[in-house]
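To keep things clear, I will list the structure first and then write my remarks on it.
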There are 2 protein chains.
Amino acid sequence: MPAPPAPHTTSPVDAAGRRLTTRGQKRRAQLMLEGARLFAERGYHPTSVQEIVATLGVGKGVFYWYFSSKEEFFLEILRAAQTDLRRRQQAAIADETDPIRRVELGIEESLRWFREHREMFNLFQFAITQEKFAPVLRQGQQVAVGDVVRHVKEAIVEGRIRDQDPELLAQAIVGVMSHLARTYLYERDESVEAVADGAKAFCLHGLLG
Amino acid sequence: MPAPPAPHTTSPVDAAGRRLTTRGQKRRAQLMLEGARLFAERGYHPTSVQEIVATLGVGKGVFYWYFSSKEEFFLEILRAAQTDLRRRQQAAIADETDPIRRVELGIEESLRWFREHREMFNLFQFAITQEKFAPVLRQGQQVAVGDVVRHVKEAIVEGRIRDQDPELLAQAIVGVMSHLARTYLYERDESVEAVADGAKAFCLHGLLG
DNA sequence: GAAGGTCTTGACTGACCGGTCAAGAAATGG
DNA sequence: CCATTTCTTGACCGGTCAGTCAAGACCTTC
């Protein structure tokens, strides 16, 4: 995504309402990228702000120019990632009319996203265990489940999925997906296709099929 | 499990090889229980050793009499919980000869255990994101998956489960179970039976059935 | 080239944390 | 009763961390 030209008109603004130049936006993005990487690698608490700025070779003040606190910084990383994942999911199913096929496409695209953003796996999983961060995570997850629920309901109406609590079915799908992604993509570095096929088959047919 | 009498013979020994009196064993257990509770509630890093001992109304030295470090302490909590969960699973399926039924019983009993040890949920999930603790967690999870794999293989041989990679099927089951446990037992406090029924149905029949 | 906003520096502060230890209390055993 | 071992105390140490801030560099605009 190319940055908009924005020559010298109304500039983008950060969370506190300050203006940000193009240069400033780049720094911001740099910090978030590096922060996500380090948080994922060593954990949120064990990673100091000092380490993050040192990796970029800048002073500590830079961090606090762009973010009000380490906590807010982490929340922004989480929100940005969730937004990006959702956008990808939506784009992947946009042209598909078959609800079951939409579920399958959603699984595939989510796995692909997690593959490309392996570092976000640990971050999500850690964030959900901390009271300070869990609400944001839960909200995002609920949105994802809501998407699946709509497809499932539609398919139940069409009589193509057995009549069970749609939310439970959706949650189960999310569970399969995230656990398989962790085990096979994150820990064992296998291919998205193989995992996606396995996940789709299990979600549709279960053990017996 | 009643503590053995052990009047004044060879006494139980702690990790460092020191003897432990009955009183000592109680303190140890107290610390682990309270530690698990606090770690789960506030997180591992944000919970200080000081807080743990203060909650029990004892001095800091007590902690370091029974455990060599905060890290080792946490690992012991994890190991003890995993051992307990596994024992419960094994006991639950001991008398069952049907492999598919064994899977179902395992799901039920695991959910029951997580319901009784809600605090372990966050601990497990946090631990798996930290390089220091992940190996222990992964090993325990692999044991659990291995148990399921055996039942699945047996059922495949009998032609009762479709012929797919047994480990992937087992991992998918674990994924469904842990995510449903988190969502419905941990976050929403629903009944084990309802969740277990949903989980079993999904694992056996998937969406279509 | 001056003015003013944007950005950067890094020393500093106050708080906290994991872990130690000398001293002594409490139980145990003879 | 004394000796030994087990257990407890809490002040203390070295170190780290999130966050501040005065000073100044950079950049844009007029």
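Hydrogens, waters and symmetry mates play no part in the numbers below; they use all other heavy atoms, side chains included. We name chains A, B, ... by the order of the sequence lines, and we start the count at 1 in each one.
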Contact check, residues 30-40 of chain B vs DNA chain C, heavy-atom distance under 4.0 Å, returns none
Atom CG of A/L56 and atom P of C/dT9 are separated, to the nearest Å, by 10 Å
Scoring nucleotides 15-21 of chain D by protein non-hydrogen atoms under 4.0 Å (B base, S sugar-phosphate only, - none) yields --SBBB-
Residues passing the ring pair (Phe, Tyr, Trp, His ring centres under 6.0 Å) test with A/H205, sequence neighbours excluded, are none
Students should find that the end-to-end axis angle of the helix from C/dG1-D/dC30 to C/dG30-D/dC1, with five pairs defining each axis and rounding to 10 degrees, is 10°
| task | Report yes if a side-chain nitrogen or oxygen of A/W65 is closer than 4.0 Å to either non-bridging phosphate oxygen (OP1 or OP2) of C/dC7; otherwise report no. | result | yes
Residue pairs meeting salt bridge (Lys or Arg N to Asp or Glu O under 4.0 Å), one or both in residues 177-187 of chain A, sequence neighbours left out, come to A/R182-A/E187, A/E187-B/R138
Taken in chain and number order and not counting sequence neighbours, the residues that satisfy side chain to side chain contact (heavy atoms under 4.5 Å, CB included) with B/S191 are B/E193, B/A194
Output yes when B/R88 and B/E116 qualify as a salt bridge under the 4.0 Å nitrogen-oxygen rule, no when they do not. yes
**Asked** Checking all strands, does B/V58 fall into the base, sugar-phosphate, or nothing category for heavy-atom contacts under 4.0 angstrom?
**Response** sugar-phosphate
Contacts satisfying salt bridge (Lys or Arg N to Asp or Glu O under 4.0 Å) that involve residues 118-128 of chain A (not counting sequence neighbours) are A/R118-A/D189
Legend entry - A/F73 ring center within less than 6.0 Å of A/F63 ring center: yes
Just by modelled atom types, is the A/Y66 backbone N or O under 3.5 Å from a matching donor or acceptor in the A/R27 side chain? no
Notebook entry, point to check: Would you say a side-chain N or O of A/R27 is under 4.0 Å from OP1 or OP2 of C/dT6?
Noted result: no
Sorted by chain and residue number, the side chain to side chain contact (heavy atoms under 4.5 Å, CB included) partners of B/E71 (sequence neighbours excluded) come out as B/Y44, B/S69, B/K132, B/F133
inquiry  = So that I can tick it off, tell me whether B/E154 and B/R150 are bridged by a salt bridge, with the cut-off set at under 4.0 angstrom between side-chain N and carboxylate O.
reply    = no
A/H179 meets the ring pair (Phe, Tyr, Trp, His ring centres under 6.0 Å) criterion, sequence neighbours left out, with none
Hits for side chain to side chain contact (heavy atoms under 4.5 Å, CB included) against B/E96, two or more places apart or cross-chain, chain-then-number order -> B/D98, B/R101, B/R102, B/L105
- Query: Are B/E109 and B/R87 within salt-bridge range, i.e. N to O under 4.0 Å?
  - Reply: no
Separation of D/dT6 atom P from B/R28 atom CZ, nearest Å, is 15 Å
Atom pairs, N/O to N/O, protein against nucleotides 23-27 of chain C, distance under 3.5 Å?
none

Residues passing the side chain to side chain contact (heavy atoms under 4.5 Å, CB included) test with A/E51, sequence neighbours excluded, are A/R42, A/T47, A/S48
